[in-house]
Amino acid sequence: MESWQVALSTGCFYKMSIFDVLEPIKNSGFAAVEVCSSPGHLDYHDPEKVRKAQALLSELGLEAMSFHAPFAKGIDITSPDRGERERSAEEIMKAAEAAEILRVKNFVIHPGPEKNQAPPAEEFLKRMKNSAEFVQELAARCQKCGMRLLLENMIPSLLFGHIRDLVWIIASVSSLNVGICLDTGHASIGSPLGNIPKKISGYLDMLHVNDNRGEVDEHLPPGEGTVDWGQLVRDLEAMGFSGGMVLELSGDRGFTMEQVLEQAVDSRKFLKDLQRG
């Protein structure tokens, strides 16, 4: 079986400029990255800076596997308030323009807000419909740019933080240009990963790979938490998964860039050894 491509998220170094981390990532042996949208890392509002980032990616021979759209408490494409929805949609569309310049393959978004309060049932359904409406529009925009739109599963405590919510949204849009990016850490908070990969096998295009101890979103290297990586790899192989994996490791644990890169290299080997095994 062909080995899965393992990329590294530049978000591991979101506090640094993207121009300072791409060459070290390349020198660590990675051939692909996911680009982080943190403004201090790469200002996606500035087309000139985005073009410079694309030029550096090309110069280094790095593939932009994906671009992670911005997410924050002020971004809510599901809001009952039309003005807030429109402002949020504009922000994500601006990020999609940057992703097009970067020539990425996949555009990853959180389909719900960074809010954990549960609204009344009627409002929840309305928010789901609002999300689906925007996803339909964004999927068409991405398709014109040669990108695939991927919905990422969120932390379970957040609104739309369950796999069933992603499936509902995808089933509600007519576009076929929508898939799922499974975040292994998010899916493992509160309960084991279990058979989630099998449930979404028809939609699964990519994984955000990270580990935790089942309680909070720690973004540990795979193998340092409680995720059953052996079972996950077996499930992916059984379903014929052929997408990519993006390592999303924390850069906030007091390690230097060099130490995080070492963890990333070890994590890539860990995953490839499991697949070969």
Side-chain angles (χ1 to χ4, degrees), residues 7-26 32-60 62-79 81-115 130-131 133-152 154 158 160 177-178 181 183 206 208 219 246 248 250-252 257:
L8 182 64
S9 170
T10 68
C12 299
F13 315 107
Y14 74 97
K15 293 181 180 179
M16 302 173 63
S17 168
I18 193 171
F19 299 103
D20 294 329
V21 304
L22 289 181
E23 186 170 0
I25 289 174
K26 173 66 176 183
V33 295
E34 174 174 274
V35 177
C36 168
S37 61
S38 178
H41 180 69
L42 174 63
D43 185 0
Y44 58 88
H45 293 94
D46 187 335
E48 184 59 28
K49 287 185 178 179
V50 176
R51 282 191 286 269
K52 287 182 178 179
Q54 195 282 320
L56 183 56
L57 286 166
S58 296
E59 178 185 331
L60 294 171
L62 279 172
E63 173 191 330
M65 180 185 290
S66 50
F67 183 99
H68 200 311
F71 56 94
K73 289 186 177 180
I75 297 178
D76 186 357
I77 58 173
T78 78
S79 175
D81 180 84
R82 182 175 179 178
E84 184 176 17
R85 285 201 314 276
E86 291 178 348
R87 289 190 297 272
S88 300
E90 182 179 355
E91 191 68 18
I92 294 178
M93 286 296 188
K94 176 62 69 174
E97 292 175 11
E100 180 183 7
I101 294 172
L102 292 168
R103 304 173 188 170
V104 306
K105 290 185 175 180
N106 303 292
F107 188 67
V108 182
I109 70 166
H110 288 184
E114 303 298 304
K115 300 174 182 177
N130 287 342
S131 180
E133 182 178 325
F134 177 69
V135 166
Q136 175 73 29
E137 179 184 357
L138 183 58
R141 172 73 173 80
C142 288
Q143 189 164 17
K144 289 180 181 178
C145 304
M147 300 185 293
R148 184 158 173 80
L149 175 60
L150 302 184
L151 309 186
E152 178 182 353
M154 300 166 65
L158 295 176
F160 302 175
N177 191 43
V178 186
C181 172
D183 187 301
M206 197 175 82
H208 278 166
H219 286 269
V246 175
E248 277 195 331
S250 174
D252 289 331
M257 177 176 66

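Quick note: numbers below take in every heavy atom, side chains included, and nothing from hydrogens, waters or symmetry partners.
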Inset, instruction - Taking H41 for its side chain and M16 for its backbone only, find out whether a donor-acceptor pair lies under 3.5 Å. - result: yes
Inset, instruction - Evaluate the side chain to side chain donor-acceptor pair (under 3.5 Å) criterion for residues S88 and E84: first the C-alpha distance (whole Å), next the side-chain angles of each, then the deciding distance (0.1 Å), finally the verdict. - result: CA-CA 6 Å; S88 300; E84 184 176 17; 5.3 Å; no
Legend entry - Pairwise distance CG(L22) to NZ(K26) - rounded to 0.5 angstrom: 11.0 Å
Inset, instruction - Identify whether the distance between the nearest side-chain nitrogen and carboxylate oxygen of E97 and K94 falls below 4.0 Å. - result: yes
Inset, instruction - First locate atom CG of L151, then atom CG of L149, and finally report the distance between them rounded to the nearest 0.5 Å. - result: 5.5 Å
Inset, instruction - Measure the spacing between CZ of F13 and CG of D20 and express it to the nearest 0.5 Å. - result: 11.5 Å
Inset, instruction - Please report the C-alpha distance between L8 and V246 in whole Å, then the side-chain angles of each, then the deciding distance to 0.1 Å, and finally whether the side-chain contact (heavy atoms from CB on, under 4.5 Å) criterion is met. - result: CA-CA 5 Å; L8 182 64; V246 175; over 6 Å; no
Legend entry - D76 and R87 ion-paired at < 4.0 Å: no
Inset, instruction - Determine yes or no for a side-chain-to-main-chain donor-acceptor pair under 3.5 angstrom, with N130 supplying the side chain and T78 the backbone. - result: yes
Legend entry - Contact summary for L42 and A53, nearest pair of heavy atoms: CD1-CB, 4.1 Å
Inset, instruction - Can you establish whether the number of heavy atoms outside K49 located under 6.0 Å from its atom NZ is more than 12? - result: no
Inset, instruction - Using a 4.5 Å cut-off on heavy atoms from C-beta on, say whether the side chain of R103 contacts that of C145. - result: no
Inset, instruction - Look at the side chain of S131 and the backbone N and O of G112, then say whether any donor-acceptor pair between them is shorter than 3.5 Å. - result: no
Legend entry - Check ion pair R141-E100 (N to O, under 4.0 angstrom): yes
Inset, instruction - Find out whether P70 and Y44 are in side-chain contact, i.e. whether some heavy atom of one side chain is under 4.5 Å from a heavy atom of the other. - result: yes
Legend entry - Residue of the set E34, R148, E152 for which side chain to side chain contact (heavy atoms under 4.5 Å, CB included) holds with M206: E34
Legend entry - E48 CD: over 12 foreign heavy atoms closer than 6.0 Å: yes
Inset, instruction - Give a yes or no answer on whether the side chain of H219 reaches the backbone of E248 with a donor-acceptor pair at less than 3.5 Å. - result: yes
Legend entry - Shortest non-hydrogen separation from P47 to H45 and the atoms involved: CD-O, 3.2 Å
Inset, instruction - Determine whether the aromatic ring centres of F71 and H110 lie less than 6.0 Å apart. - result: yes
Inset, instruction - Look at the aromatic rings of F107 and F67 and report parallel, tilted or perpendicular, splitting at 30° and 60°. - result: parallel
Legend entry - Separation between CG of L62 and CG of L57, rounded to the nearest 0.5 Å: 6.0 Å
Legend entry - Straight-line distance of C181 SG to H208 NE2, nearest 0.5 Å: 3.5 Å
Legend entry - Check against side-chain contact (heavy atoms from CB on, under 4.5 Å), K15 and D252: CA-CA 9 Å; K15 293 181 180 179; D252 289 331; 3.3 Å; yes
Inset, instruction - Would you name the heavy atoms of V178 and A139 that are closest together and state the gap between them? - result: CG2-CB, 3.6 Å
Inset, instruction - Give the minimum heavy-atom separation between I77 and P111, together with the two atoms involved. - result: CD1-O, 3.8 Å
Legend entry - Reported SG-to-CE distance for the pair C142 and M93, which is rounded to 0.5 angstrom: 7.5 Å
Legend entry - Heavy-atom donor-acceptor pair, N177 side chain to M147 backbone, under 3.5 Å: yes
Legend entry - Donor-acceptor contact below 3.5 Å, side chain S37 vs main chain H68: yes
Legend entry - Non-hydrogen side-chain atoms of V33 and E63 separated by less than 4.5 Å: no
